[in-house]
K.L.:
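Submitted below is the structure of interest, expressed as structure tokens.
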Amino acid sequence: MGKQPVRMKAVVYALSPFQQKVMPGLFKDLPGKISHKITDNWISATLLLAPLVGTVSYVKWYQEREKMEHRY
């Protein structure tokens with residue numbers, strides 16, 4: 001029960017110079033795909049962006065208040 005050699009064929013992948021459409025469906029209808037993703041996941045997007053926007057607006061308001069207190 002020794003090992004027997006097995007003949008294997010080499011497989012070579014190459015792009016044809018006449019057919020360069022590697023990823024045609026990736027950029028096809030891109031705005032439609034983006035809007036579809038947003039409408040499907042609007043709850044997750046809201047839960048992600050609401051605290052971020054709230055924190056940024058609070059920091060801007062606080063900095064402006066501090067500037068106004070030290071103004072005089």
Side-chain angles (χ1 to χ4, degrees):
M1 295 290 251
K3 294 183 181 177
Q4 295 180 356
V6 178
R7 295 185 132 242
M8 295 181 67
K9 293 182 179 180
V11 178
V12 178
Y13 293 99
L15 289 176
S16 168
F18 302 108
Q19 186 178 10
Q20 291 294 329
K21 294 180 181 178
V22 180
M23 298 183 290
L26 184 63
F27 301 109
K28 187 182 205 179
D29 191 31
L30 193 61
K33 288 180 183 178
I34 292 173
S35 65
H36 183 68
K37 292 280 186 186
I38 291 172
T39 55
D40 284 352
N41 302 316
W42 66 272
I43 294 174
S44 298
T46 303
L47 292 175
L48 174 71
L49 294 176
L52 183 67
V53 170
T55 304
V56 169
S57 62
Y58 174 75
V59 167
K60 287 183 179 181
W61 171 79
Y62 187 81
Q63 287 176 340
E64 187 65 29
R65 192 184 74 174
E66 286 290 317
K67 283 194 282 186
M68 294 306 277
E69 285 180 359
H70 295 294
R71 190 170 196 178
Y72 299 107

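Values below: all heavy atoms of this structure, side chains included; hydrogens, waters and symmetry mates excluded. Being a predicted model, the structure only gives us computed values, none of them experimental. Counting from 1, the numbers follow the sequence of the chain as shown.
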K.L.:
Which ring-ring contact (aromatic ring centres under 6.0 Å, His included) pairs, counting each pair once, include a residue from residues 35-56, with sequence neighbours left out?
P.N.:
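Residue pairs passing ring-ring contact (aromatic ring centres under 6.0 Å, His included), neighbours aside: none found.
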K.L.:
Over all heavy atoms of both residues, which pair between Lys28 and Lys33 is shortest? Give the atoms and the distance, please.
P.N.:
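Shortest heavy-atom contact: O-CE, 3.3 Å.
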K.L.:
Which distance, rounded to the nearest 0.5 Å, do you find between the CG of Leu48 and the CG of Asn41?
P.N.:
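Taking CG in Leu48 and CG in Asn41, the distance rounds to 11.0 Å.
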K.L.:
Salt bridge (Lys or Arg N to Asp or Glu O under 4.0 Å): which pairs involve residues 37-64, sequence neighbours left out?
P.N.:
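Passing the test, one end in residues 37-64: Glu64-Lys67.
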K.L.:
Not counting sequence neighbours, which residues clear side chain to side chain contact (heavy atoms under 4.5 Å, CB included) with Ile34? List them please.
P.N.:
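If we apply the side chain to side chain contact (heavy atoms under 4.5 Å, CB included) test to Ile34, skipping adjacent residues, the hits are Leu30, Ile38.
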K.L.:
Which ILVMFWY residues can you reach from Val56 by hopping between side chains whose heavy atoms are under 4.5 Å apart?
P.N.:
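Members other than Val56 - counting any ILVMFWY side chain reachable under 4.5 Å - there are none.
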K.L.:
For side-chain contact (heavy atoms from CB on, under 4.5 Å), just list the numbers for Gln63 and Glu66, CA-CA rounded to whole Å, side-chain angles, deciding distance to a tenth of an Å, and then say yes or no.
P.N.:
CA-CA 5 Å; Gln63 287 176 340; Glu66 286 290 317; 5.7 Å; no
K.L.:
Listed by chain and number, what are the ring-ring contact (aromatic ring centres under 6.0 Å, His included) partners of Tyr62, not counting sequence neighbours?
P.N.:
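Not a single residue meets the ring-ring contact (aromatic ring centres under 6.0 Å, His included) criterion with Tyr62.
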K.L.:
Which ILVMFWY residues are connected to Val6, directly or by a chain of links, through side-chain heavy atoms under 4.5 Å apart?
P.N.:
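Answer for Val6: none, a lone residue.
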